[in-house]
Visitor: 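Quick one: the structure is below, questions incoming.
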Amino acid sequence: MREQILEVLKAHFGDKPINDDTHLMDDLGGDEFDIVDVFMQLEEKLNISIPEEETFDVMTVSQLIEVVGKHVQST
Amino acid sequence: MFSQLKLILFFMLLSTAAGGLWYVQHLKAENEILTLNNAKLEGAVAEQQALIEQQLRDIETQKNINKQISENNAKLNKDLSLANEKFNKVNASGERRDIGALAVAKPKSIERIEGRREQQRSRCFEIAQGSQLTEEELNATKKSQINAECPSIANPNYVPY
């Protein structure tokens, strides 16, 4: 799952170094719409559904993995 | 006869001297009034001069404020046009972002973002009209800290990267 998340991030933001602490806006140059877009792509790729409220405060890769991970494990 | 003539001449001289004295006294009194009036006029002229100088300074200040507002408006317009470009930006894979599709799939998220952007736009107009920047705005250096609608006027220490 982690690899798939990183694949989506690289496809979206380009070949920038990414680790758990990477900030989606400050380090990858995204905006709030990009984060929503990334969640949509991940839902499609992993065939999961994530309640919107859980995505509101996601700003780093580790937070993204945590939220997505919860739903991948539960399906 | 001769003594009568002398008496007449004496009275004539006396009345001439009295008239002269009265005339001099009158001139002195008039002169004092004129001196006082002159002092009042000089005071009024100095006041007017100070007022004119103050008005000139106010005009200069107003000119500077207008110039600042014009510059802010120009920056604001540039930021807003850039914001429109960013709205439908293309990602690293060459896919154009479709905000409409995002809004249909994730309405709460987009509504939340738009609500925040609306607040930021209002703040942009306040700043353009001369509102002072807050400490938070001045200290913003990261993308997540800035006013996304008008960073060039709201966050002077932010360098786009």
Side-chain angles (χ1 to χ4, degrees), chain A residues 3-68 70-72 75, chain B residues 78-124 136-137 139-152 154-155 157-161:
Chain A
E3 285 310 310
Q4 287 167 306
I5 291 173
L6 294 181
E7 268 176 35
V8 168
L9 289 175
K10 281 191 182 299
H12 194 88
F13 294 109
D15 258 343
K16 293 171 184 162
I18 297 176
N19 59 48
D20 283 2
D21 296 327
T22 302
H23 197 284
L24 301 174
M25 290 174 78
D26 297 342
D27 300 321
L28 298 181
D31 57 22
E32 299 108 316
F33 294 113
D34 281 315
I35 298 173
V36 177
D37 201 358
V38 163
F39 269 111
M40 267 183 66
Q41 291 176 50
L42 286 169
E43 283 181 331
E44 197 175 319
K45 192 176 180 84
L46 301 169
N47 198 27
I48 55 174
S49 177
I50 304 171
E52 287 185 69
E53 290 80 2
E54 291 183 32
T55 68
F56 286 165
D57 298 318
V58 171
M59 281 289 155
T60 64
V61 171
S62 62
Q63 290 170 338
L64 182 68
I65 291 171
E66 188 186 334
V67 170
V68 173
K70 225 164 40 177
H71 294 277
V72 170
T75 51
Chain B
K78 193 178 166 194
D79 277 345
L80 289 178
S81 61
L82 280 177
N84 285 334
E85 283 173 27
K86 285 177 189 170
F87 207 64
N88 292 312
K89 77 176 189 184
V90 177
N91 70 18
S93 302
E95 294 158 353
R96 184 169 293 279
R97 179 159 72 191
D98 184 349
I99 298 288
L102 287 181
V104 170
K106 302 283 183 187
K108 289 180 196 166
S109 301
I110 301 303
E111 193 180 323
R112 191 166 175 264
I113 294 167
E114 273 307 313
R116 195 160 46 230
R117 291 285 175 102
E118 189 55 46
Q119 286 177 348
Q120 291 180 337
R121 273 193 287 277
S122 298
R123 180 66 187 140
C124 293
E136 199 180 338
E137 287 165 339
N139 295 333
T141 54
K142 293 182 175 177
K143 194 168 182 180
S144 59
Q145 300 169 330
I146 62 166
N147 181 329
E149 295 295 313
C150 57
S152 63
N155 310 106
N157 293 316
Y158 170 69
V159 181
Y161 47 88

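Chain letters run A, B, ... following the sequence lines, proteins first and then strands; every chain starts at 1. Source: prediction; values computed, not measured.
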Visitor: Name the option with the most non-hydrogen atom pairs under 4.5 Å to chain A; the candidates are B/Ser93, B/Ser144, B/Ala105, B/Pro107.
Guide: B/Ser144

Visitor: Between the side chains of B/Glu114 and B/Arg121, is the shortest nitrogen-to-carboxylate-oxygen separation below 4.0 Å, so that they form an ion pair?
Guide: yes

Visitor: Hey, are the side chains of B/Arg117 and A/Glu32 touching, using non-hydrogen atoms and a 4.5 Å cut-off?
Guide: yes

Visitor: Find the one option among A/Ile35, A/Thr55, A/Asp37 whose heavy-atom pairs under 4.5 Å with chain B are most numerous.
Guide: A/Asp37

Visitor: Please classify the contact of B/Pro160 with chain A as side chain, backbone, both or neither, using a heavy-atom distance under 4.5 Å.
Guide: neither

Visitor: Salt bridge check, A/Glu54 against A/Lys70: does any charged N sit closer than 4.0 Å to a carboxylate O?
Guide: yes

Visitor: Measure B/Ile113 against the heavy atoms of chain A and call it side chain, backbone, both or neither at under 4.5 Å.
Guide: side chain

Visitor: For the interface with chain A, which of B/Arg112, B/Lys142, B/Gln145 has the highest count of heavy-atom pairs at distances below 4.5 Å?
Guide: B/Arg112

Visitor: Could you tell me if the side chain of B/Arg97 sits less than 4.5 Å from the side chain of A/Asp34, heavy atoms only?
Guide: yes

Visitor: Between A/Ile48 and A/Val72, is any pair of side-chain heavy atoms under 4.5 Å apart?
Guide: yes

Visitor: Pick one of side chain, backbone, both or neither for A/Phe13, based on which atoms fall under 4.5 Å of a heavy atom in chain B.
Guide: backbone

